[in-house]
Amino acid sequence: MSLEKIDIVEINKQLEGKSPEEIIKWSLSVAKNPVITTNFRPYESAILHLVVSQNKDIPVVWCDTGYNTPQTYKHAEELIHNLQLNVHLYVPKQTSAHRDVVLGLPTIDDPNHAIFTEQVKLEPFKRAMNEHQPDVWFTNLRKGQTAFRDSIDIVSVSKDGIIKVSPFYNFSDEELDAYLEKYNLPNEFKYFDPTKVENNRECGLHI
């Protein structure tokens, strides 16, 4: 099956009830240039472990805003080492120290918030996707996180036409906790997204 001929509705029906491992297996069978993106937020170790267990060399795109907590950076280094991740790091073109002086950390209702989000998140992400040109993009989106994410499914299509696969889409926190325990994977909850002020707000990369 070629990606150009995939019927999203039909493929989601076929994948309904399948395990995350089976979803990854199907995805890799149709992908020519897959990538996985991560920001090392809570439960990212599950999707990273799941994907690299079937494709150890897959590019792992990390767009680091420069505002992560020390705990997140330590967590990232631990996962990169333990899972032997093929990390491709993308950072903003301006340092956080410079930006703090000229722009600060704008609140959601500040007119500069859109500029800030473009600089620390959207531009590095666009640069990464332009360089890698993926046809399949693995993410850890899950149902119940935001209204937008409730409207998609295991397999969806990004605004740029990339097939987006979320193998844990229907998993609860408890089910992911069980996955982490089964494979002895770490988790980290002291994560900070400087572009969001509410946990249920969409991050901007997936809409």
Short side-chain to backbone donor-acceptor contact, Asn86 and Asp57, under 3.5 Å: yes
Donor on one side chain, acceptor on other, Asn140 and Tyr169, under 3.5 Å: no
Under the salt bridge (Lys or Arg N to Asp or Glu O under 4.0 Å) test, residues paired with Lys182 that sit two or more places apart: none
Quick one, Thr37 with Trp137, criterion side chain to side chain donor-acceptor pair (under 3.5 Å). Give me CA distance, side-chain angles, the key distance, then yes/no. CA-CA 7 Å; Thr37 58; Trp137 165 21; 2.8 Å; yes
CG on Leu15 to CD1 on Ile11, rounded to 0.5 Å: 5.0 Å
If you apply the rule side chain to side chain donor-acceptor pair (under 3.5 Å), what do you find for Thr139 with Ser166, and how did you get there? CA-CA 5 Å; Thr139 78; Ser166 306; 2.9 Å; yes
In the structure I gave you, are the side-chain heavy atoms of Ile154 and Lys18 within less than 4.5 Å of one another anywhere? no
Would you say the side chain of Ile115 lies within less than 4.5 Å of the side chain of Leu103, judging by non-hydrogen atoms? yes
Any sub-3.5 Å donor-acceptor pair from Arg99's side-chain atoms to Gly104's backbone N or O? no
Would a distance-only check, ignoring hydrogens and angles, find a side-chain to backbone donor-acceptor pair under 3.5 Å from Asn187 to Tyr43? yes
I'd like to know whether CD of Glu16 has more than 12 heavy-atom contacts from other residues, nucleotides or ligands below 6.0 angstrom. no
Same cluster or not: are Val120 and Ile108 linked, directly or through other Ile, Leu, Val, Met, Phe, Trp or Tyr residues, by side-chain heavy atoms under 4.5 angstrom apart? no
Rounded to the nearest 0.5 Å, the CG atom of Asp177 sits from the CG atom of Leu185 at a distance of 11.5 Å
Flag yes if more than 12 heavy atoms outside Asn184 fall under 6.0 Å of its CG atom; otherwise flag no. no
Taking C-beta and beyond as the side chain, do Leu180 and Ser45 meet within less than 4.5 Å on heavy atoms? yes
Are there more than 12 heavy atoms of other residues, nucleotides or ligands under 6.0 Å from atom CD of Glu181? no
Taking a hydrophobic cluster as the set of Ile, Leu, Val, Met, Phe, Trp and Tyr residues connected by side-chain heavy atoms closer than 4.5 Å, whether directly or through intermediates, do Tyr191 and Val87 fall within one such cluster? no
Quick one: do Asp135 and Ile162 satisfy side-chain contact (heavy atoms from CB on, under 4.5 Å)? Show the steps, please. CA-CA 5 Å; Asp135 55 354; Ile162 305 169; 5.8 Å; no
Do side-chain atoms of Gln119 reach the backbone of Pro92 as a donor and acceptor pair under 3.5 angstrom? no
Do Pro124 and Val91 have side-chain heavy atoms sitting under 4.5 Å apart? no
Going from CD1 on Ile36 to OG on Ser27, what distance comes out if it is rounded to the nearest 0.5 angstrom? 11.0 Å
Short side-chain to backbone donor-acceptor contact, Thr38 and Glu44, under 3.5 Å: no
Could you check whether the rings of His88 and His132 sit parallel, tilted or perpendicular, using 30° and 60° as the cut-offs? perpendicular
Rounded to the nearest 0.5 Å, the OG1 atom of Thr72 sits from the CD atom of Glu77 at a distance of 12.0 Å
Any Met129 side-chain heavy atom under 4.5 Å of Phe125 side chain: yes
Report yes or no: do Val136 and Ile8 belong to one cluster of Ile/Leu/Val/Met/Phe/Trp/Tyr joined by side chain heavy-atom distances under 4.5 Å? yes
Can you hop from Phe40 to Tyr73 via hydrophobic side chains spaced under 4.5 Å? yes
Here the pair of heavy atoms bringing Pro167 nearest to Ile47 is CG-CD1, 3.3 Å
Quick check: does any side chain N or O of Thr117 sit under 3.5 Å from a backbone N or O of His113, one acting as donor and the other as acceptor? yes
Could you verify whether a donor N or O on one side chain and an acceptor N or O on the other, from Asp109 and Thr107, lie under 3.5 Å apart? yes
Evaluate the side-chain contact (heavy atoms from CB on, under 4.5 Å) criterion for residues Glu21 and Gln54: first the C-alpha distance (whole Å), next the side-chain angles of each, then the deciding distance (0.1 Å), finally the verdict. CA-CA 9 Å; Glu21 289 82 1; Gln54 294 196 41; 4.1 Å; yes
Between Ser53 and Leu50, is there a donor-acceptor pair closer than 3.5 Å when you use the side chain of the first and the backbone of the second? yes
Is the shortest side-chain N to carboxylate O distance from Asp193 to Arg41 below 4.0 Å? no
Answer yes or no: is there a donor N or O on one side and an acceptor on the other, between the side chain of Asp110 and the main chain of Asn112, under 3.5 Å? yes
Exercise: identify the closest heavy-atom pair between Pro59 and Pro34: CD-O, 3.5 Å
Measure the spacing between OG of Ser156 and CD1 of Ile163 and express it to the nearest 0.5 Å. 8.0 Å
Could you tell me whether the side chains of His49 and Tyr179 share a donor-acceptor contact shorter than 3.5 Å? yes
Hey, is Glu123 close enough to Arg127 for a salt bridge, meaning N to O under 4.0 Å? yes
NZ/NE/NH1/NH2 to OD/OE distance under 4.0 Å, Lys126 and Glu118: yes
Side-chain ion pair, Asp173 and Arg142, N-O less than 4.0 Å: yes
I'd like to know if the side chain of Thr65 reaches the main chain of Lys121, judged simply by a donor and an acceptor atom lying under 3.5 Å from each other, with no hydrogens or angles considered. no
Verify, without hydrogens or angle tests, whether Asp64 (side chain) and Leu89 (backbone) share a donor-acceptor contact under 3.5 angstrom. no
Check whether the side chains of Glu131 and Tyr90 place a donor and an acceptor atom closer than 3.5 Å, and report yes or no. yes
Nearest 0.5 angstrom please: Gln84 CD to Asn82 CG, how far? 8.5 Å
Applying ring-ring contact (aromatic ring centres under 6.0 Å, His included) to Tyr67 and not counting sequence neighbours gives Phe116
